[in-house]
Amino acid sequence: MGPASGSVTARYLVYFQYLGTDFNGVAAVRGSQRAVGVLNYLEEAAKRLNSVVPVRFTISSRTDAGVHALSNAAHLDVQRRSGQPPFSPEVLAEALNAHVRHPAIRVLQAFRVPSDFHARHAATSRTYLYRLVTGCHRPDQLSVFERNRCWPLRADCLDVDAMQEAAQHLLGTHDFRAFQSAGSPTTSSVRTLRRASVSPDPGSPFVLAQEKRLHFWNLEFESRSFLYRQVRRMTAVLVAVGLGVLRPAQVKVILESRDPLGRHQARVAPAHGLFLKSVVYENLGGNPACVQQESQGPGGRETPG
């Protein structure tokens, strides 16, 4: 897109990551002096782009307070003044990283997308990772580098085979109302869970040799979209299976009950163990490195003022 007689608007898709510990979720919080979201910082950084119209980020996936993201996505429009070409995606990403005023936020990459592209509606797949650690009898037994990045369990082991069997009942298209928390704006609780896996983590690099009692586990869930707190509630139920509190067959009963207030499904796994791992777009991919950039317009690399 080259310079025009009027102002030029360009839409970008940006991938970004964050540690959610310090934030009240990813969404920008308006009118609060105490609560702050990840996008409050990104939108503040975007002011340095000097857009004619203030920049607002439209996120792909909302995450709660304390939830992390290895890779979330959002689209934004930058309207430059007359005679100024659009920023290259590289310059946009560099500028946001240079001006974001929190060390727990990082822009991974930016890409030019069509003006009708929508980061939330266009996503074809989302994957969440939940991290568990067993053998943690006291909070001080967990490395300081792992705190707020996993759910520490006192149990020394989990029945992973039973958890995997239970997870099979969740696969496919179902009404997941039993795993939905109140406050969801969606009109339908039917979702298609494409993947639900439980696997051992090779091990945290932050665990010392003398701490071999600690074992890490990964739960991954993939779907086009999820209900509010669905992943954390499914995780809590699968952990109950792993601890022997529930039998695998009971997960199917819970799912078919469509009752979100039941004794077991009402439990929600802690936010700090959850990571949004990836967001995938058709013809774009889910890894930022796989997305094809639009060719650069006239003006090349230009540094925002």
Side-chain angles (χ1 to χ4, degrees), residues 12-29 35-46 55-76 92-93 96-97 99-111 113 118-132 145-151 181 184 194-195 197 201 204 216 218-235 268-281 284-291:
Y12 301 86
L13 170 68
V14 294
Y15 285 94
F16 59 102
Q17 61 182 197
Y18 48 89
L19 285 171
T21 307
D22 294 342
F23 307 111
N24 193 55
V26 64
V29 180
V36 64
V38 173
L39 293 193
N40 287 103
Y41 284 95
L42 286 175
E43 290 181 353
E44 184 66 27
V55 174
R56 290 288 180 262
F57 286 68
T58 299
I59 52 177
S60 162
S61 305
R62 294 178 69 94
T63 56
D64 279 348
V67 176
H68 317 291
L70 296 173
S71 181
N72 204 339
H75 76 254
L76 63 147
L92 181 84
L96 292 174
N97 277 327
H99 297 296
V100 68
R101 300 177 63 85
H102 199 292
I105 303 172
R106 172 185 173 226
V107 174
L108 300 170
Q109 216 162 355
F111 306 92
V113 291
H118 196 285
R120 181 164 65 89
H121 302 319
T124 59
S125 173
R126 295 170 173 87
T127 298
Y128 281 90
L129 163 70
Y130 199 99
R131 300 182 69 234
L132 307 169
F145 301 105
E146 285 288 2
R147 292 178 188 174
N148 294 319
R149 290 163 177 78
C150 59
W151 180 9
S181 290
S184 175
R194 299 169 180 165
R195 181 164 57 92
S197 64
D201 190 302
S204 169
F216 289 81
N218 294 335
L219 280 69
E220 288 198 16
F221 303 92
E222 180 192 352
S223 177
R224 179 167 187 169
S225 62
F226 291 90
L227 301 171
Y228 181 48
R229 292 184 176 172
Q230 178 186 344
V231 172
R232 289 166 60 192
R233 292 176 71 144
M234 291 190 301
T235 295
V268 182
H272 55 252
L274 183 62
F275 294 74
L276 174 59
K277 183 178 181 180
S278 66
V279 181
V280 176
Y281 298 94
L284 292 181
N287 181 341
C290 295
V291 182

Novice: Quick one: does any side-chain atom of R131 pair with a main-chain N or O of R149 as donor and acceptor, under 3.5 Å?
Specialist: yes
Novice: Check the angle between the aromatic planes of F275 and H68 and answer parallel, tilted or perpendicular using the 30° and 60° thresholds.
Specialist: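 Correct class here is tilted.
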Novice: Which residues satisfy the side chain to side chain contact (heavy atoms under 4.5 Å, CB included) test with A28, sequence neighbours excluded?
Specialist: R30, L39, N40, E43
Novice: Quick check for you: to the nearest 0.5 Å, what is the distance between L76 atom CG and F57 atom CZ?
Specialist: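 The distance works out to 4.5 Å.
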Novice: With rounding to the nearest 0.5 angstrom, report the NE2 to SG distance, H272 to C150.
Specialist: 6.5 Å
Novice: Mind checking the CD-CG spacing from Q17 to L108? Nearest 0.5 Å is all I need.
Specialist: 4.5 Å
Novice: With no hydrogens and no angle check, is any side-chain donor or acceptor of H75 less than 3.5 Å from a backbone partner on A119?
Specialist: yes
Novice: Does N218 reach the main-chain N or O of D201 with its side chain, forming a donor-acceptor pair under 3.5 Å?
Specialist: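 No, N218 side chain to D201 backbone: no donor-acceptor pair under 3.5 Å.
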Novice: Got a sec: does the CZ of R62 have more than 12 other heavy atoms crowding it under 6.0 Å?
Specialist: no
Novice: Side chain to side chain contact (heavy atoms under 4.5 Å, CB included) with T124: which residues, sequence neighbours excluded?
Specialist: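 T124: side chain to side chain contact (heavy atoms under 4.5 Å, CB included) contacts with V280, E282.
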Novice: Salt bridge (charged side-chain N to carboxylate O under 4.0 Å, His left out), that's the test. Do R101 and E44 meet it? Break it down for me.
Specialist: CA-CA 8 Å; R101 300 177 63 85; E44 184 66 27; over 6 Å; no
Novice: Verify side-chain hydrogen bond (donor to acceptor under 3.5 Å, both in side chains) between S60 and R126, making sure each step is shown before the conclusion.
Specialist: CA-CA 9 Å; S60 162; R126 295 170 173 87; 3.3 Å; yes
Novice: For A104, give me all partners under side chain to side chain contact (heavy atoms under 4.5 Å, CB included), at least two apart in sequence or on another chain.
Specialist: L19, F23, H102
Novice: Return the set of residues passing ring pair (Phe, Tyr, Trp, His ring centres under 6.0 Å) with F221 (not counting sequence neighbours), or none when no residue passes.
Specialist: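 Not a single residue meets the ring pair (Phe, Tyr, Trp, His ring centres under 6.0 Å) criterion with F221.
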Novice: When rounded to the nearest 0.5 angstrom, what distance separates CG in L70 from OH in Y18?
Specialist: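 One finds 10.0 Å between CG of L70 and OH of Y18.
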Novice: Determine whether a donor-acceptor pair (N or O, by modelled atom type, separation under 3.5 Å) exists between the side chain of N148 and the backbone of G66.
Specialist: no
Novice: E222: what forms a side chain to side chain contact (heavy atoms under 4.5 Å, CB included) with it, not counting sequence neighbours?
Specialist: S125, T127, R194, R195
Novice: Between Y128 and T235, does a side-chain hydrogen bond (donor to acceptor under 3.5 Å, both in side chains) hold up when you go through it step by step?
Specialist: CA-CA 11 Å; Y128 281 90; T235 295; over 6 Å; no
Novice: My understanding is that only residues two or more places apart in sequence, or in another chain, count here; which of them pass ring pair (Phe, Tyr, Trp, His ring centres under 6.0 Å) with Y12?
Specialist: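 Not a single residue meets the ring pair (Phe, Tyr, Trp, His ring centres under 6.0 Å) criterion with Y12.
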